[in-house]
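To start, the structure under review is shown below, and the notes come after it.
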Amino acid sequence: MSLVGVFDSGVGGLSILDEALRQLPQHDYIYLADSANAPYGEKSSEWIAERSLELCRHLARSGCDAIVVACNTATAEAIKQIRDQVPIPVIGVEPGIKPASMQTQNGVVGVLATEATLKSDKFNALLATLPNDCRFIKQAGAGLVPLIEMGEADGEETLELLAKHLEPIQDAGADTIVLGCTHYPFLRKAIRKLLGNSITLIDTSDAVVRQLRRQLEQFKSDEGLNEERHGSVSFVSSKDDAPLLKMARDLMRSDLNNHALNSSMLDSQ
Ligand code: DGL
(Lines give C-alpha, C1' and ligand atoms only; values in the text may rest on other atoms or scores of the structure.)
Protein backbone atom coordinates (compact mmCIF):
# COMPACT_ATOMS: atom_id res chain seq x y z
CA MET A 1 0.00 0.00 0.00
CA SER A 2 1.03 3.57 -0.49
CA LEU A 3 0.94 6.71 1.59
CA VAL A 4 -0.51 9.59 -0.42
CA GLY A 5 -0.26 13.25 0.57
CA VAL A 6 -3.11 15.50 -0.53
CA PHE A 7 -2.49 19.21 -0.13
CA ASP A 8 -4.66 22.31 -0.46
CA SER A 9 -4.89 25.81 0.98
CA GLY A 10 -7.85 24.59 3.04
CA VAL A 11 -10.86 22.31 2.68
CA GLY A 12 -11.07 22.44 -1.15
CA GLY A 13 -8.85 19.42 -1.69
CA LEU A 14 -11.36 17.36 0.30
CA SER A 15 -13.26 17.14 -2.99
CA ILE A 16 -10.25 15.29 -4.43
CA LEU A 17 -9.66 13.21 -1.28
CA ASP A 18 -13.32 12.18 -1.43
CA GLU A 19 -12.86 10.81 -4.95
CA ALA A 20 -9.55 9.18 -3.95
CA LEU A 21 -11.24 7.34 -1.07
CA ARG A 22 -13.94 6.19 -3.48
CA GLN A 23 -11.53 4.88 -6.14
CA LEU A 24 -8.52 3.96 -4.01
CA PRO A 25 -9.71 3.33 -0.44
CA GLN A 26 -6.93 0.84 0.29
CA HIS A 27 -4.21 3.47 0.55
CA ASP A 28 -3.27 5.62 3.54
CA TYR A 29 -3.66 9.37 3.19
CA ILE A 30 -2.37 12.54 4.80
CA TYR A 31 -4.65 15.48 4.05
CA LEU A 32 -2.76 18.73 4.63
CA ALA A 33 -4.79 21.95 4.80
CA ASP A 34 -2.92 25.23 5.04
CA SER A 35 -5.99 26.82 6.61
CA ALA A 36 -3.94 29.43 8.47
CA ASN A 37 -3.13 30.92 5.06
CA ALA A 38 -6.30 30.32 3.02
CA PRO A 39 -7.26 31.70 0.61
CA TYR A 40 -4.23 31.40 -1.66
CA GLY A 41 -6.06 32.74 -4.71
CA GLU A 42 -5.50 36.40 -3.97
CA LYS A 43 -1.85 36.06 -2.88
CA SER A 44 1.27 36.73 -4.99
CA SER A 45 2.66 34.08 -7.33
CA GLU A 46 5.97 34.06 -5.42
CA TRP A 47 4.30 33.50 -2.07
CA ILE A 48 2.09 30.68 -3.39
CA ALA A 49 5.03 28.95 -5.07
CA GLU A 50 7.28 29.14 -2.01
CA ARG A 51 4.64 27.99 0.48
CA SER A 52 3.38 25.17 -1.74
CA LEU A 53 6.91 23.87 -2.23
CA GLU A 54 7.58 24.01 1.52
CA LEU A 55 4.43 22.01 2.31
CA CYS A 56 5.09 19.41 -0.39
CA ARG A 57 8.61 18.95 0.98
CA HIS A 58 7.04 18.41 4.38
CA LEU A 59 4.75 15.70 2.94
CA ALA A 60 7.67 13.98 1.23
CA ARG A 61 9.64 14.05 4.53
CA SER A 62 6.60 12.51 6.24
CA GLY A 63 7.04 9.41 4.08
CA CYS A 64 4.52 10.01 1.30
CA ASP A 65 4.98 7.91 -1.85
CA ALA A 66 3.10 10.46 -3.98
CA ILE A 67 1.52 13.87 -3.56
CA VAL A 68 -1.64 15.31 -5.06
CA VAL A 69 -1.48 19.09 -5.18
CA ALA A 70 -5.27 19.31 -4.79
CA CYS A 71 -5.33 23.02 -5.49
CA ASN A 72 -5.59 24.62 -8.92
CA THR A 73 -3.90 27.77 -7.65
CA ALA A 74 -0.86 25.97 -6.21
CA THR A 75 -0.63 23.78 -9.32
CA ALA A 76 -0.71 26.83 -11.58
CA GLU A 77 1.98 28.67 -9.63
CA ALA A 78 4.24 25.91 -8.36
CA ILE A 79 3.88 22.49 -9.94
CA LYS A 80 7.08 22.76 -11.95
CA GLN A 81 9.23 23.77 -8.98
CA ILE A 82 7.61 21.08 -6.83
CA ARG A 83 8.26 18.39 -9.45
CA ASP A 84 11.85 19.58 -9.84
CA GLN A 85 12.56 19.56 -6.13
CA VAL A 86 10.44 16.86 -4.52
CA PRO A 87 11.68 13.35 -5.37
CA ILE A 88 8.31 11.56 -5.55
CA PRO A 89 5.47 11.61 -8.11
CA VAL A 90 3.46 14.85 -7.90
CA ILE A 91 0.01 15.05 -9.46
CA GLY A 92 -1.55 18.45 -10.04
CA VAL A 93 -5.04 19.71 -10.85
CA GLU A 94 -6.05 22.20 -13.49
CA PRO A 95 -9.36 23.68 -14.62
CA GLY A 96 -11.13 21.24 -16.95
CA ILE A 97 -11.38 23.61 -19.90
CA LYS A 98 -10.52 20.89 -22.39
CA PRO A 99 -13.32 18.48 -21.35
CA ALA A 100 -15.62 21.52 -21.15
CA SER A 101 -14.81 22.50 -24.75
CA MET A 102 -15.75 18.97 -25.81
CA GLN A 103 -18.99 18.83 -23.81
CA THR A 104 -20.46 22.27 -24.51
CA GLN A 105 -23.32 22.27 -27.00
CA ASN A 106 -23.34 25.99 -27.75
CA GLY A 107 -19.60 26.75 -27.49
CA VAL A 108 -19.91 29.10 -24.50
CA VAL A 109 -18.15 27.97 -21.32
CA GLY A 110 -17.84 29.75 -17.99
CA VAL A 111 -14.62 29.24 -16.02
CA LEU A 112 -14.93 29.92 -12.32
CA ALA A 113 -11.49 29.88 -10.65
CA THR A 114 -9.30 31.97 -8.38
CA GLU A 115 -7.78 35.19 -9.64
CA ALA A 116 -4.27 33.68 -9.37
CA THR A 117 -5.24 30.66 -11.48
CA LEU A 118 -6.88 32.77 -14.19
CA LYS A 119 -3.87 35.11 -14.38
CA SER A 120 -1.28 32.34 -14.37
CA ASP A 121 0.91 31.54 -17.37
CA LYS A 122 0.09 27.86 -16.98
CA PHE A 123 -3.67 28.40 -17.32
CA ASN A 124 -3.29 30.81 -20.24
CA ALA A 125 -0.93 28.43 -22.01
CA LEU A 126 -3.53 25.66 -21.64
CA LEU A 127 -6.23 27.98 -22.96
CA ALA A 128 -4.09 28.79 -25.99
CA THR A 129 -3.95 25.10 -26.98
CA LEU A 130 -7.73 24.90 -27.44
CA PRO A 131 -9.49 25.57 -30.75
CA ASN A 132 -11.03 29.03 -30.82
CA ASP A 133 -14.52 27.91 -31.73
CA CYS A 134 -15.24 27.83 -28.03
CA ARG A 135 -15.66 31.06 -26.03
CA PHE A 136 -14.50 31.02 -22.41
CA ILE A 137 -15.97 33.50 -19.93
CA LYS A 138 -13.37 33.75 -17.14
CA GLN A 139 -14.64 34.75 -13.74
CA ALA A 140 -12.67 35.00 -10.49
CA GLY A 141 -14.67 33.72 -7.54
CA ALA A 142 -13.36 36.33 -5.08
CA GLY A 143 -14.68 35.82 -1.55
CA LEU A 144 -16.14 32.34 -2.12
CA VAL A 145 -13.29 30.32 -0.60
CA PRO A 146 -13.44 32.04 2.84
CA LEU A 147 -17.20 31.35 2.99
CA ILE A 148 -16.68 27.68 2.14
CA GLU A 149 -13.89 27.52 4.74
CA MET A 150 -16.43 28.80 7.29
CA GLY A 151 -18.83 25.97 6.46
CA GLU A 152 -21.16 28.32 4.58
CA ALA A 153 -21.19 26.63 1.16
CA ASP A 154 -24.99 26.62 1.14
CA GLY A 155 -25.47 29.87 3.09
CA GLU A 156 -27.41 32.97 2.06
CA GLU A 157 -24.30 35.15 1.77
CA THR A 158 -22.64 32.55 -0.46
CA LEU A 159 -25.70 32.38 -2.71
CA GLU A 160 -25.72 36.17 -3.08
CA LEU A 161 -22.01 36.40 -3.89
CA LEU A 162 -22.18 33.44 -6.22
CA ALA A 163 -25.13 34.95 -8.07
CA LYS A 164 -23.01 38.06 -8.68
CA HIS A 165 -20.06 36.03 -9.97
CA LEU A 166 -22.26 33.89 -12.19
CA GLU A 167 -23.99 36.86 -13.81
CA PRO A 168 -21.46 37.46 -16.63
CA ILE A 169 -21.36 33.72 -17.33
CA GLN A 170 -25.15 33.57 -17.43
CA ASP A 171 -25.40 36.74 -19.56
CA ALA A 172 -23.05 35.21 -22.12
CA GLY A 173 -25.37 32.18 -22.36
CA ALA A 174 -22.90 29.55 -21.17
CA ASP A 175 -24.27 26.01 -21.05
CA THR A 176 -21.20 24.64 -19.22
CA ILE A 177 -19.23 25.85 -16.20
CA VAL A 178 -15.75 24.68 -15.24
CA LEU A 179 -15.31 24.39 -11.48
CA GLY A 180 -11.70 25.58 -11.65
CA CYS A 181 -10.97 25.58 -7.93
CA THR A 182 -11.17 22.48 -5.76
CA HIS A 183 -13.37 24.33 -3.28
CA TYR A 184 -16.07 24.91 -5.88
CA PRO A 185 -17.46 21.36 -6.22
CA PHE A 186 -18.89 22.11 -2.75
CA LEU A 187 -20.94 24.87 -4.41
CA ARG A 188 -22.72 22.43 -6.74
CA LYS A 189 -25.97 22.65 -4.82
CA ALA A 190 -25.86 26.46 -4.72
CA ILE A 191 -25.04 26.69 -8.44
CA ARG A 192 -27.91 24.35 -9.30
CA LYS A 193 -30.22 26.42 -7.13
CA LEU A 194 -29.24 29.55 -9.08
CA LEU A 195 -28.89 28.17 -12.60
CA GLY A 196 -30.99 25.01 -12.61
CA ASN A 197 -30.16 21.45 -13.56
CA SER A 198 -29.50 21.90 -17.26
CA ILE A 199 -26.11 23.60 -16.83
CA THR A 200 -23.18 21.17 -17.18
CA LEU A 201 -20.64 21.38 -14.33
CA ILE A 202 -17.09 20.23 -15.02
CA ASP A 203 -15.00 18.96 -12.13
CA THR A 204 -11.78 17.06 -12.80
CA SER A 205 -11.44 15.09 -9.55
CA ASP A 206 -12.21 11.78 -11.25
CA ALA A 207 -9.47 12.31 -13.86
CA VAL A 208 -6.99 13.46 -11.19
CA VAL A 209 -7.53 10.30 -9.14
CA ARG A 210 -7.19 8.10 -12.23
CA GLN A 211 -3.85 9.81 -12.84
CA LEU A 212 -2.88 9.12 -9.20
CA ARG A 213 -3.76 5.46 -9.67
CA ARG A 214 -1.55 5.24 -12.79
CA GLN A 215 1.36 6.83 -10.94
CA LEU A 216 1.02 4.50 -7.95
CA GLU A 217 0.80 1.45 -10.21
CA GLN A 218 4.08 2.38 -11.83
CA PHE A 219 6.11 1.93 -8.70
CA LYS A 220 4.10 -0.42 -6.51
CA SER A 221 3.57 -3.83 -8.06
CA ASP A 222 1.16 -5.05 -5.36
CA GLU A 223 -1.62 -2.63 -6.29
CA GLY A 224 -5.00 -4.24 -6.57
CA LEU A 225 -4.16 -7.16 -4.25
CA ASN A 226 -5.69 -5.59 -1.20
CA GLU A 227 -8.85 -4.00 -2.55
CA GLU A 228 -10.71 -4.94 0.65
CA ARG A 229 -8.47 -2.83 2.86
CA HIS A 230 -9.54 0.62 4.01
CA GLY A 231 -6.52 2.75 4.79
CA SER A 232 -6.07 5.47 7.37
CA VAL A 233 -6.62 9.19 6.88
CA SER A 234 -4.64 11.77 8.85
CA PHE A 235 -5.96 15.31 8.74
CA VAL A 236 -3.28 17.93 9.33
CA SER A 237 -4.03 21.64 9.59
CA SER A 238 -1.83 24.69 9.92
CA LYS A 239 -4.64 26.37 11.87
CA ASP A 240 -6.81 24.06 13.93
CA ASP A 241 -7.31 20.37 13.27
CA ALA A 242 -10.67 19.79 15.01
CA PRO A 243 -12.68 22.03 12.63
CA LEU A 244 -10.89 20.42 9.66
CA LEU A 245 -12.05 16.96 10.73
CA LYS A 246 -15.59 18.27 11.27
CA MET A 247 -15.61 19.92 7.82
CA ALA A 248 -14.37 16.68 6.26
CA ARG A 249 -17.28 14.80 7.84
CA ASP A 250 -19.75 17.49 6.70
CA LEU A 251 -18.48 18.00 3.15
CA MET A 252 -17.35 14.55 2.02
CA ARG A 253 -19.67 11.86 0.73
CA SER A 254 -17.25 9.02 1.62
CA ASP A 255 -18.04 7.21 4.83
CA LEU A 256 -15.06 8.22 6.92
CA ASN A 257 -16.07 5.68 9.58
CA ASN A 258 -14.58 3.01 7.31
CA HIS A 259 -11.13 4.52 7.83
CA ALA A 260 -8.89 4.92 10.86
CA LEU A 261 -8.81 8.70 11.36
CA ASN A 262 -6.59 11.04 13.22
CA SER A 263 -5.98 14.76 13.21
CA SER A 264 -3.11 17.00 14.25
CA MET A 265 -1.60 20.43 13.85
CA LEU A 266 1.12 21.00 11.28
CA ASP A 267 4.42 20.81 13.15
CA SER A 268 6.63 22.52 10.60
CA GLN A 269 5.56 26.07 9.78
N1 DGL B 1 -8.71 25.21 -3.60
C2 DGL B 1 -7.82 26.06 -4.25
C3 DGL B 1 -7.85 25.98 -5.75
O4 DGL B 1 -8.17 24.93 -6.27
C5 DGL B 1 -7.40 27.35 -3.67
C6 DGL B 1 -8.39 28.32 -3.26
C7 DGL B 1 -7.75 29.45 -2.51
O8 DGL B 1 -7.09 29.17 -1.51
O9 DGL B 1 -7.92 30.58 -2.94
O10 DGL B 1 -7.53 26.90 -6.44
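Indexing begins at 1, ligand by ligand and atom by atom, following the structure's order.
Remark: of the listed residues Ser264, Ser35, Ser263, Ser234, Ser263 is the sole one forming a side chain to side chain donor-acceptor pair (under 3.5 Å) with Asp241.
Heavy-atom contacts of Gly41 reach the following atoms of ligand 1: 7 (C), 8 (O), 9 (O) (cutoff under 4.0 Å). Interface of Thr73 with ligand 1, defined as ligand atoms under 4.0 Å from a residue heavy atom, comprises 3 (C), 5 (C), 10 (O).
Counting heavy atoms closer than 4.0 Å to ligand 1, residue Val145 contributes side-chain atoms (C-beta onward) but none from N, CA, C or O. The side chain of Asp8, and not its backbone, has at least one atom closer than 4.0 Å to an atom of ligand 1 (non-hydrogen atoms only; side chain from C-beta on). The part of Ser9 lying near ligand 1 is the side chain, judged by heavy-atom distances below 4.0 Å. If you look at Thr114 next to ligand 1, the close heavy atoms, those under 4.0 Å, all belong to the side chain.
Note on ring orientation: taking the six-membered ring where Trp is involved, the planes of Tyr31 and Phe235 are tilted (angle from 30° to 60°). The aromatic rings of His230 and His259 stand perpendicular to each other, their planes meeting at an angle above 60°, with 30° marking the opposite boundary.
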(request) For the pair Asp34 and Ser9, evaluate side chain to side chain donor-acceptor pair (under 3.5 Å) and give the outcome as yes or no after the intermediate values. (result) CA-CA 5 Å; Asp34 192 13; Ser9 62; over 6 Å; no
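By the 3.5 Å distance cut-off applied to N or O atoms, Thr117 is not counted among the residues near ligand 1.
Considering only non-hydrogen protein atoms, atom 7 (C) of ligand 1 sits nearest to Tyr40 N, 3.3 Å.
Connection of Val111 to Ile137 is not established within any shared hydrophobic cluster, with ILVMFWY side chains joined at heavy-atom distances below 4.5 Å, either directly or through further cluster members.
Shown here for Thr117 and Asn72, the closest heavy-atom pair between the two residues is OG1-C, 3.7 Å. Contact between Ala74 and Phe7 at its shortest, heavy atoms only, is CB-CE2, 4.0 Å.
In this comparison of Asn72, Ile148, Thr75, the heavy atom closest to atom 3 (C) of ligand 1 sits on Asn72.
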